[in-house]
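As the structure is a prediction and not an experimental result, all values here were calculated from the model. Throughout, protein chains are lettered first and strands after them, A, B, ... in sequence-line order, and every chain is numbered starting at 1.
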4 protein chains.
Amino acid sequence: MATQQTDEKIIKAFSKLVLKLGYQGTTTKRIASEAGVNESTIFRHFKDKHSILEQLVNTYSRDIEQIGQSFEFTGDIVQDLMRVATIYHDFVANHQVVFLLGLRESYRFPEIGQALRQLPKRFKNLVVTNFNEMVEAGEIRATANVTEEATNFILLNFGNAVFTYAYPTARLQVPMKAFLAENIRTFAEHLQ
Amino acid sequence: MATQQTDEKIIKAFSKLVLKLGYQGTTTKRIASEAGVNESTIFRHFKDKHSILEQLVNTYSRDIEQIGQSFEFTGDIVQDLMRVATIYHDFVANHQVVFLLGLRESYRFPEIGQALRQLPKRFKNLVVTNFNEMVEAGEIRATANVTEEATNFILLNFGNAVFTYAYPTARLQVPMKAFLAENIRTFAEHLQ
Amino acid sequence: MATQQTDEKIIKAFSKLVLKLGYQGTTTKRIASEAGVNESTIFRHFKDKHSILEQLVNTYSRDIEQIGQSFEFTGDIVQDLMRVATIYHDFVANHQVVFLLGLRESYRFPEIGQALRQLPKRFKNLVVTNFNEMVEAGEIRATANVTEEATNFILLNFGNAVFTYAYPTARLQVPMKAFLAENIRTFAEHLQ
Amino acid sequence: MATQQTDEKIIKAFSKLVLKLGYQGTTTKRIASEAGVNESTIFRHFKDKHSILEQLVNTYSRDIEQIGQSFEFTGDIVQDLMRVATIYHDFVANHQVVFLLGLRESYRFPEIGQALRQLPKRFKNLVVTNFNEMVEAGEIRATANVTEEATNFILLNFGNAVFTYAYPTARLQVPMKAFLAENIRTFAEHLQ
DNA sequence: GATGAATGAGTTTTCATTCAT
DNA sequence: CATGAATGAAAACTCATTCAT
């Protein structure tokens, strides 16, 4: 329906603008002109500016639930970690706006912070489970500190994601493909 | 003298408020009342609001030059990396405001981005130098990929720093002491 | 419609206030209260304060184009000059605001100066044309210096207009009717 | 003394700036830096910004008293009017600042208006006296309307002065020398 | 269901002026 | 007698939001 379309047009416009201009820079006026609707139409579709963001955060939270649900460990740690990292980065890529807003605005909107925290938690669990299984199967050294390694794995990926999205102009960071193929592999090999 | 004190009062107030309220939320009115001076006094001491930030960025840039200048490698990789990580996190702790503003506002103020990029560069150099020496001395396996390991080290520390300062309310991250004592140690031990 | 009315209300308020208070004295707050609208409404109708003035200047420039287009010389120099002077003074009376702002603020807003300069040019052309025809027709002495007489005519009218509008409280100047009936007549008769 | 010098430095700076920037554009800060004194020093020498202007106006008024006191008519109307016009324009040139401020700001500062009005009055008297004498002496036609001719003479000169000083960038007006040599001559010859 | 118009609270900044030294 | 520092009042302008149609 028309309504549905308008909702989406607004969300799309908001998302696009936020990446370039930040939350405050994304004024309702600009959203309206980018979405091709009247400024006041925004307020018929969303209680206020903040609830556009809220809706994006909700989608984010819903999507998080499904992460890794159908993930199956192969038992090959290098393969497994590379696949987990890929899922992580795909998720972030698909939720850039919330990821960035979380980085930039979570001090103002605690709900974003809350939603974002689920991501590393979830991935850490995924990795810890995998590690424990592998330790039992003898594929990871028994001496390995599983929790710390998992934390390091998350921090590594998180650090790379922040670099990629928070400083988009700086071409300092490792390109994502290389990062997955090389840095994550290097990390994984240490565990064997 | 009075001027110096006022300059400092304003910078202090600005820094404090920016952490809580962000750059835009830190209005000149609030700075004034936090610093206990008249709003217009701010403009006698700083050309405009933005140059308060500029001054902090300048200090940041100046301080970066001196990082690691007197650093001496012990040859013990665990010790060395723990010390480098400590220096990194001390630096970030002393420049929280710039570090955070860089994360949040670098898309608006490219100069911050530029200044911030120096930090990982500098540390990476420090670590790469160290690694190369150790490879030659036989303390790191010759098969190790020095550049990738250095990148991972930086990303790990960067990720932890962002976690610590960007989500201050979330007590999810590893406390800094533990991070240094355990996670960095774990990372380092893989290289031996 | 409402918009049109509001535009006009703002322009009217601006014009009225500028005469009394000058450009700077005419604050947006005062314009708003004089026009009976909210201060921010002004900025929905005009990009900024300066473009209210701009609009008046544009009207001025547009109106100038039409001056004297349908003017027909009678061949009677006294009659003709009195009619030209009347047109001049009517025009100035209808564009008091721009005329005055040109006098007062053209050093700040060069565009006003530019627009204003058209007025004497246009009138001088009108007069010179008329004079030349009359010299040929023998109605003005052949010895008359046409250009100088035209300049004097313009300066006379300009001087009177400035007197009238720049020192509105001073009742020193010749009332406009008398000026036209007597001073311009006197001037004209010298040419016969 | 030092005080005297400072007074003068301030007045000079004020005068110079007002010509370029107008009264409001001439901020106390700029006056101070142009005069090479501290901003607050201005207020030790003048009650407030406005009394700098007042002092210039007083000088203007004092100088006006002396205009034409020693003027002697030659009986040659062309010569006489050219000399009167020269005196007029010299006076205006020497009091540009007050002349311009009168044009621009007399709506705000009625005292300037009052002072300025003396100038045309004085000159008109001078000219009327001269004309009457010449009519009696038969050098001007008896039919001449003395008052109107005098008014026209004043308006002509005033108009030219305004053109010269109010639109300094517009090189549209008659250069002063030519104006005196030709336009005033033309005007004068009509009276013979 | 969408729009055009209007608004009030707030923002950064400027400026003449005062005060303590 | 002059200065450096501080101030209060006001200026132009922005923005999310409401209201009548």
Side-chain angles (χ1 to χ4, degrees), chain A residues 1-7 23-32 35-52, chain B residues 1-7 9-10 24-32 35-52, chain C residues 1-7 9-10 23-32 35-52, chain D residues 1-3 5-6 24-32 35-52:
Chain A
M1 268 150 269
T3 301
Q4 180 61 9
Q5 275 173 12
T6 303
D7 270 28
Y23 182 77
Q24 305 226 38
T26 300
T27 65
T28 50
K29 197 176 178 176
R30 276 199 258 238
I31 297 171
V37 302
N38 187 279
E39 200 178 351
S40 58
T41 298
I42 295 170
F43 293 90
R44 287 190 64 79
H45 287 255
F46 298 89
K47 187 178 150 290
D48 51 21
K49 183 182 162 187
H50 179 251
S51 34
I52 308 177
Chain B
M1 295 286 131
T3 302
Q4 180 63 6
Q5 269 167 233
T6 302
D7 269 27
K9 276 195 279 180
I10 292 169
Q24 301 225 42
T26 300
T27 65
T28 53
K29 201 174 184 174
R30 273 198 260 238
I31 297 171
V37 302
N38 187 279
E39 200 177 352
S40 63
T41 296
I42 294 170
F43 294 92
R44 281 188 68 81
H45 287 257
F46 298 90
K47 188 180 152 293
D48 51 20
K49 183 182 162 186
H50 180 254
S51 53
I52 308 178
Chain C
M1 297 256 149
T3 302
Q4 181 63 6
Q5 267 168 234
T6 302
D7 270 27
K9 275 196 278 179
I10 292 168
Y23 183 79
Q24 301 225 41
T26 300
T27 66
T28 52
K29 202 174 184 174
R30 273 199 261 238
I31 297 171
V37 301
N38 187 280
E39 198 179 350
S40 63
T41 297
I42 294 171
F43 294 93
R44 281 189 68 80
H45 287 256
F46 298 89
K47 188 181 152 291
D48 51 20
K49 183 182 161 185
H50 181 253
S51 52
I52 308 177
Chain D
M1 268 151 271
T3 303
Q5 274 173 12
T6 303
Q24 305 226 39
T26 300
T27 65
T28 52
K29 199 177 180 177
R30 277 199 256 238
I31 297 171
V37 301
N38 187 280
E39 200 178 351
S40 59
T41 299
I42 295 170
F43 293 91
R44 287 190 64 78
H45 286 257
F46 298 89
K47 185 178 152 292
D48 52 20
K49 184 182 162 186
H50 178 251
S51 33
I52 309 177

Exercise for the section: Could you tell me the separation between the CD1 atom of C:I52 and the C1' atom of F:dA12, rounded to a whole number of Å? Expected result: 11 Å
Practice task
To the nearest Å, give me how far apart NE2 (B:H45) and C1' (F:dT7) are.
Solution key: 11 Å
Listing time: all N or O pairs from protein to nucleotides 14-16 of chain F that are below 3.5 Å?
| unit_1 | atom_1 | unit_2 | atom_2 | d |
| --- | --- | --- | --- | --- |
| F:dA16 | OP1 | A:K49 | NZ | 3.0 |
| F:dA16 | OP2 | A:T28 | N | 2.7 |
| F:dA16 | OP2 | A:T28 | OG1 | 2.9 |

Completion exercise
Listing for DNA chain E: consecutive Watson-Crick or G-U pair runs of at least 3, distance cutoff 3.5 Å, ranges ordered by first number, gives E:2-21 with F:2-21
Practice task
Please report, rounded to the nearest Å, how far the P atom of E:dG4 is from the CD atom of C:Q5.
Solution key: 18 Å
Fill in the blank from the handout: Closest non-hydrogen atoms of B:K29 and B:E39, given as atom of the first, atom of the second and distance, are N-OE2, 3.5 Å
Practice task
Round to the nearest Å and state the distance from A:F46 atom CZ to E:dA2 atom P.
Solution key: 12 Å
Practice task
Using whole Å, report how far CD1 of B:I42 lies from P of E:dC15.
Solution key: 17 Å
Fill in the blank from the handout: Correct closest heavy-atom pair for C:V37 and C:I10 would be CG2-CG1, 4.4 Å
Problem - Rounded distance [0.5 Å steps], NZ in C:K49 versus OG1 in C:T27 - result: 7.0 Å
Handout entry: Whole-Å distance separating the NE2 atom of C:H50 from the C1' atom of F:dC13
Key = 16 Å
Handout entry: Nearest atoms (heavy-atom pairs only) where B:G25 meets A:Q24
Key = N-NE2, 4.3 Å
